[in-house]
There are 2 protein chains.
Amino acid sequence: MEIGEFAVMVESAVAAHEVVIAFVHCQITYSGRAEAFLGRGDRIIMIKADATVIVHQPEGSVPINYMRPGSAIDLERIDEHLMMHVRNDKEHSFLDIEIFRAYDAASRRLDDGQKQDLAGNERDMSDWIRDNPACIGADFKPISREEQTDVGFIDVFGHDGTGRLVVVECKRITASLMAVDQLRRYVERVKMIKGSQAVTGVLAAPSITPNALEMLSSWGFRFCRVEAPKRLERWSRDQKKIFEY
Amino acid sequence: MEIGEFAVMVESAVAAHEVVIAFVHCQITYSGRAEAFLGRGDRIIMIKADATVIVHQPEGSVPINYMRPGSAIDLERIDEHLMMHVRNDKEHSFLDIEIFRAYDAASRRLDDGQKQDLAGNERDMSDWIRDNPACIGADFKPISREEQTDVGFIDVFGHDGTGRLVVVECKRITASLMAVDQLRRYVERVKMIKGSQAVTGVLAAPSITPNALEMLSSWGFRFCRVEAPKRLERWSRDQKKIFEY
DNA sequence: TACTACATCTCGCAT
DNA sequence: ATGCGAGGTGTAGTA
């Protein structure tokens, strides 16, 4: 694709808030929260309707460069090259893509107002614990869940039969040292605010790392094996049969 | 673009490890670490040379769905639709993209062996502190930096003039409560292993939140204002003039 | 492989 | 605007 033709296409598509995709050979300079340089190679450039710019290499799941929505996109012709300047003045960042060749490009207006419905997150997990408190302890009585109490964001907050307060921290994946740090901070906060030492912590997760379990125990806290529930599991179970053949 | 033609193009491109980009109207079902459904709308599908699959909506900087490298991609014709099944058996996940229309698509073999050279990360920051220890304290003497010592991952580890050990934790952006948690854990670990109470902590960051500063002080630790250095700032400063006009 | 911590993390929610 | 924590986080480094 001739570079001048490519430039015209990109400029008109960006002006019309179309989505643009291009296969190019380029080198890239970034400056903003960090600074980076990427030498010449083949990449995929995506410009979205909201002026988000994303650059992908031919392999790997994360973009090598990107600029957030609302960037200003300018093209500058330099000899046979095309410099794509992407600026975000508010964030004091820029991305300069020097395009040596444009192999192919496409643009189109796309419409999509849908939002994804997702199940199995940490909120589903704390809901499930509130409704199934016995998984934390036979006498565990939940008081609040994911609410902004006077002690802050605590996933599930309750008390046991003896009147001791219980702070539950949920993790949807293996709990690590950082989860124990967080639980400890919450328990200390509750002790401080309630002016009582009768507070303990429970880490609820599908599993826990050995170091985290050791640290948890050293603070007198407890691990509870809980899986994040998947609301949509009805169809999931059917689909999963595919894996089994 | 006729859906049968699209199917043939995708299958041959995937087999040839080409990169594929398509503008489609589709709905998407995901099951894996969580479960999700996304109703009908226009999206961009990217299939990379390593069988990574990424789906973007027309706005926003993050993909709405993705499958990691090494996925199995199968197409199934259902009446006038096309079902793209993406499976990753190892991760027990799948992505089903029901494509109602393929507006446009392109594929191409892309070559890129380049790696990005990046400056201004946390490692650069700990390097800089090691080489400029006075920023931590007039008598601070660094011993190690980002090394796996017998006390674990500590950004910069040293001692002050009085023989007291100093643990430095670096954050390239504003330090929060979690950074203080981390520093406290490291200091406790060093106290335990060295069997000494003469250990203190320093949090080095460009700024710190009020709560984090309060917690830091309550543990007897100290905040040090340090910016992540940008090795490439030579050209950066020149380019930044653009912002000023 | 599991564990740990960084990331130009991004995003949402609440103050 | 800032603070805080989740994320289908992903990725790199290391044991």
Side-chain angles (χ1 to χ4, degrees), chain A residues 28 30-36 52 54-55 60-69 88 90-95 115-116 118-126 146-149 152-155 169-179 181-182 185-186 207-213 228 230, chain B residues 30-36 52 54 60-69 88 90-95 115-116 118-126 146-148 152-155 169-182 185-186 207-213 228 230:
Chain A
I28 304 177
Y30 161 76
S31 176
R33 293 200 285 228
E35 295 176 342
T52 299
I54 303 170
V55 183
S61 54
V62 295
I64 190 68
N65 284 111
Y66 55 90
M67 292 287 281
R68 311 272 294 274
N88 193 316
K90 217 183 58 152
E91 300 181 354
H92 297 288
S93 60
F94 66 79
L95 190 66
K115 289 215 188 306
Q116 189 162 247
L118 193 139
N121 56 13
E122 202 180 89
R123 188 194 169 94
D124 288 336
M125 200 168 160
S126 64
E146 279 228 339
E147 278 167 30
Q148 196 63 1
T149 64
F153 294 117
I154 291 177
D155 288 339
E169 172 61 28
C170 303
K171 288 294 163 200
R172 59 187 307 285
I173 52 171
T174 305
S176 68
L177 290 171
M178 291 177 75
D181 283 341
Q182 210 179 326
R185 172 152 47 86
Y186 292 159
S207 59
I208 185 167
T209 67
N211 286 346
L213 182 58
K230 296 180 178 176
Chain B
Y30 161 78
S31 176
R33 292 203 285 231
E35 294 175 345
T52 298
I54 302 170
S61 54
V62 295
I64 189 68
N65 283 111
Y66 54 89
M67 292 287 282
R68 311 273 293 277
N88 192 317
K90 216 184 58 151
E91 300 180 355
H92 296 288
S93 61
F94 67 79
L95 190 66
K115 289 217 187 305
Q116 189 163 246
L118 193 140
N121 56 14
E122 203 179 89
R123 189 195 171 93
D124 288 335
M125 199 168 161
S126 63
E146 276 226 340
E147 280 168 28
Q148 196 64 359
F153 296 115
I154 291 177
D155 289 339
E169 172 60 27
C170 304
K171 288 293 162 203
R172 62 188 303 288
I173 52 171
T174 305
S176 68
L177 291 172
M178 290 176 74
V180 182
D181 282 343
Q182 209 179 328
R185 172 152 48 85
Y186 293 159
S207 59
I208 185 166
T209 68
N211 286 347
L213 182 58
K230 296 179 178 177

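Just so we're on the same page: letters track the sequence lines, and every chain starts at 1.
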Integer angstrom distance from the P of D:dG5 to that of C:dT8: 22 Å

Sugar-phosphate, base or nothing in reach of A:Leu95, heavy atoms under 4.0 Å: nothing

Sugar-phosphate only, base, or nothing, as touched by A:Gln116 at under 4.0 Å among non-hydrogen atoms: nothing

5'-most by nearest nucleotide on DNA chain C - B:Lys90 or A:Lys115: B:Lys90

Nucleotide nearest B:Thr174 when distance is taken to its side chain, options D:dG3, C:dA7, C:dT10: D:dG3

N/O (side chain, A:Asn65) to phosphate O (OP1/OP2, C:dT8) under 4.0 Å: no

Polar side-chain atom of B:Arg172 near backbone of B:Gly120 as donor-acceptor pair, under 3.5 Å: yes

Distance between C1' atoms of D:dG7 and C:dA5 (Å, rounded): 16 Å

Nearest-angstrom distance from the residue atom CE of A:Met125 to P of D:dA6: 11 Å

C:dT8 OP1/OP2 closer than 4.0 Å to side-chain N/O of A:Ser31: no

Full working for side chain to side chain contact (heavy atoms under 4.5 Å, CB included) between B:Ile208 and B:Lys171: CA-CA 9 Å; B:Ile208 185 166; B:Lys171 288 293 162 203; over 6 Å; no

Rounded distance (Å) that lies between atom C1' of C:dT1 and atom CD1 of A:Ile173: 16 Å

Sugar-phosphate only, base, or nothing, as touched by A:Arg68 at under 4.0 Å among non-hydrogen atoms: sugar-phosphate

OH on A:Tyr186 to CZ on A:Phe153, rounded to 0.5 Å: 8.0 Å

A:Ser61, nearest nucleotide to its side chain (from D:dG8, C:dA5, D:dT11): D:dT11

Centroid distance under 5.5 Å and plane angle under 30°, B:Phe153 vs C:dA5: no

Between C1' of C:dC6 and CD of B:Gln182, the distance in whole Å: 9 Å

Atom P, compared across D:dC4 and D:dG8: separation rounded to whole Å: 23 Å

Contact under 4.0 Å: A:Tyr186 side-chain N or O vs D:dG5 OP1/OP2: yes

Of A:Ile208 and A:Met67, the one whose closest DNA chain C nucleotide lies more 5': A:Ile208

N or O in side chain of A:Lys171 less than 4.0 angstrom from D:dA6 OP1/OP2: yes

Contact under 4.0 Å: A:Asn211 side-chain N or O vs C:dT4 OP1/OP2: yes

Residues A:Ser176 and A:Thr209: side-chain donor-acceptor under 3.5 angstrom: no

Presence of B:Thr209 side-chain N/O under 4.0 Å of D:dT2 phosphate oxygens OP1/OP2: no

d(CG, B:Leu118; P, D:dT11) in whole Å: 15 Å

Spacing between B:Met178 atom CE and D:dC4 atom P, to the nearest angstrom: 11 Å

B:Arg33 side chain near D:dT9 phosphate (N/O to OP1/OP2, under 4.0 Å): yes

N/O (side chain, B:Lys230) to phosphate O (OP1/OP2, C:dT8) under 4.0 Å: no

Qualifying residue for side-chain contact (heavy atoms from CB on, under 4.5 Å) with A:Ser93, from A:Glu35, A:Met67, A:Arg33: A:Met67

Separation of D:dG13 P from B:Glu146 CD (nearest whole Å): 10 Å

Comparing B:Pro69 and A:Asp155 on DNA chain D - which has the more 5′ nearest nucleotide: A:Asp155

Gap between atoms CZ and P, on A:Arg172 and D:dG10 respectively (whole Å): 10 Å

B:Glu146 and B:Met125, any side-chain heavy atoms less than 4.5 Å apart: no

Separation of D:dT9 P from A:Glu122 CD (nearest whole Å): 11 Å

Nearest heavy-atom neighbours spanning B:Leu118 and B:Asp124: O-OD2, 4.1 Å

